[in-house]
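Residue numbering restarts at 1 for every chain, and letters A, B, ... go by the order of the sequence lines.
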2 protein chains.
Amino acid sequence: MERNCKTCPFNSKAATTLCDASFDQLSENHLVLKFKKGDTVIKQGMYSTNVVFLRTGLAKIHLTGPYHEQIVKLIKAPTYLGLPTTFGDKINQYSVTAVSDVEVCFIDVQVFQTILNENREFSHEIILELCRNELESFRRCANRTQKLIRGNMADVLLEFSEKIFLSDSFTMPLSQSDLANLVDTSRESVSRVMTEFDKDGIIKVNGKQIQILNKKSLKLISQNG
Amino acid sequence: MERNCKTCPFNSKAATTLCDASFDQLSENHLVLKFKKGDTVIKQGMYSTNVVFLRTGLAKIHLTGPYHEQIVKLIKAPTYLGLPTTFGDKINQYSVTAVSDVEVCFIDVQVFQTILNENREFSHEIILELCRNELESFRRCANRTQKLIRGNMADVLLEFSEKIFLSDSFTMPLSQSDLANLVDTSRESVSRVMTEFDKDGIIKVNGKQIQILNKKSLKLISQNG
DNA sequence: ATTATTTTGTGATTTGCATCACATTGCATA
DNA sequence: TATGCAATGTGATGCAAATCACAAAATAAT
């Protein structure tokens, strides 16, 4: 457990700003914690007075839906989490679970707010990030509800490849059940679509190892049925 | 066309703060415009350097989905619109269309930003609002994708009654096609569900006039299938 | 008033996908 | 190495809701 925030490999501008501007406050008031794959970082329904900064690793945001768990998205460090909670009623509105081993900073709200008030650039960036999230939510929701399973699965594969792993081949970080909750289908359908894509030569599946062979096709499937 | 912002019936705290704190700047820099029912207030894809404040009336936020228009939600004055656009790349990411006659203030981004920078309380409130929106999006999306049509329709009726019109009877502001895009179904299904609800004595439909007779049932339908 | 044109109601048919029901594989822990 | 549990593959069946196809109202336009 280290406490020196200067050493954080922050490549988020907001995070850097935060650290540079307020190192003293932060180093006094934050914790760097390590979580193992599968651990709960934020638990829906619990009281919390911390902003969470995901420093390294992957995590999933999920919440209890009307009938089953809903995975909102897979996120990659560095990002802030739990802002809405912190600024709201301090009750976590969603859970965050580590998908790989992760390092996390818990920053006390009070401190965070102070910094926000003192640092114009930082608060502007936070607003920007929140705006981006809102738009992303709209789009995501429109896609999920309108597209067929194949389209949504194609989207997820493309997103993982292009946004998360920055490579055509990667190790699938989620189980098929998780994927099902992410694209809102059944586990069985996820399985079927994956084997379909494999048989059609669009991807190569080898256990958890995924390789995208034909990105063009995936994009077509994403657009059409 | 009036320009005196002091006269706005702002009951949003953020809006009041904005007006009180920065009346001079604002009255120099904003316009109050009237739109008629059906008019486009914000057009997706267009360049814009204004934050839009919906002063009076109802409007719908909608965007082009992969296959058809998606209505995100019905909104009621007073609210800010287009924040994400304004802070982002200045290209509107969604459309806003007047559902009743509305009054709108266009506030120049520059001015808005200045005020945001000068007014701590105001910027804090904006952050709060953005956070709320994000959470609301998560919930909404989880509901839409998991619930059956009857459940979603029940939700919409309850929301209109409780959040928008604050009454058990109201005039449905959206067409069935709009409702279909809102809950992501077909127009025909909306029609069928409405007549079902009517036949079951849960609501009374009389053209566009809706009366909720049995709120308990609606809530049950919203929760179960 | 009389046409258009958009909205709505309702049946018949089709279909994507959930669900059920197991077999199988992989992985962990004794 | 065996044993147990979780994650997967795959068929058969059922169902919610999309789609198609009109008729009937209701609004708008002439």
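Per the geometry, CD belonging to A:Q209 stands 17 Å off C1' belonging to C:dC27, to the nearest Å. As rounded to whole Å, 16 Å separates atom C1' of D:dT8 from atom CD of A:E196. Distance, A:L179 CG to D:dT8 C1': 12 Å, rounded to whole Å. Note: CG (A:D178) to P (D:dA6) measures 15 Å, nearest angstrom. One atom, CG of A:N206, and another, P of D:dG9, lie 11 Å apart when rounded to the nearest Å. Between the CZ atom of A:R144 and the P atom of C:dG16 there is a distance of 20 Å, rounded to whole Å.
Look at A:Q176 and you won't find any side-chain N or O under 4.0 angstrom from OP1 or OP2 of D:dA6. Note on B:K208: every side-chain N or O is 4.0 Å or more away from OP1 and OP2 of C:dT7.
In the helix from C:dA1-D:dT30 to C:dA30-D:dT1, the rotation axis of the first five pairs and that of the last five pairs differ in direction by 50°, rounded to 10 degrees.
With a 4.5 Å cut-off on side-chain heavy atoms, B:K43 and B:V96 do not count as touching. Counting only heavy atoms from C-beta outward, the side chains of A:K34 and A:D101 never approach each other to under 4.5 Å. B:L74 has its side chain within reach of B:F160: a pair of non-hydrogen atoms, C-beta onward, lies under 4.5 Å apart. Looking at heavy atoms from C-beta onward, A:I71 lies out of side-chain contact with A:I61 at the 4.5 angstrom threshold.
Of the possible donor and acceptor atoms, none in the side chain of B:D168 sits under 3.5 Å from a partner among the backbone N and O of B:Q211.
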Dump the pairs, protein N or O against N or O of nucleotides 15-22 of chain D, anything under 3.5 Å, distances to one decimal.
from	atom 1	to	atom 2	distance (Å)
D:dA17	OP1	B:I149	N	3.0
D:dA18	OP2	B:S186	N	3.4
D:dA18	OP2	B:S186	OG	2.9
D:dA18	OP2	B:S189	OG	2.6
D:dT19	O4	B:R192	NH2	3.2
D:dC20	N4	B:E188	OE2	3.3

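Looking at residues 167-175 of chain A, you'll see that no heavy atom sits under 4.0 Å from any atom of DNA chain C.
For B:F165, the ring-ring contact (aromatic ring centres under 6.0 Å, His included) criterion is met by B:F170, not counting sequence neighbours. Residues that satisfy the side-chain hydrogen bond (donor to acceptor under 3.5 Å, both in side chains) test with A:S137, not counting sequence neighbours, are absent from this structure. Evaluation of the ring-ring contact (aromatic ring centres under 6.0 Å, His included) rule for B:F87 yields A:H124 as partners, not counting sequence neighbours.
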Does A:E134 form a salt bridge (charged side-chain N to carboxylate O under 4.0 Å, His left out) with B:R132? I'd like the steps, not just the answer. CA-CA 10 Å; A:E134 180 169 336; B:R132 268 194 300 269; over 6 Å; no

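Checked against the 6.0 Å centroid threshold, B:F112 and B:F106 do not count as a close aromatic pair.
A salt bridge does not link A:E159 to A:K73: none of the charged side-chain nitrogens sits closer than 4.0 Å to a carboxylate oxygen.
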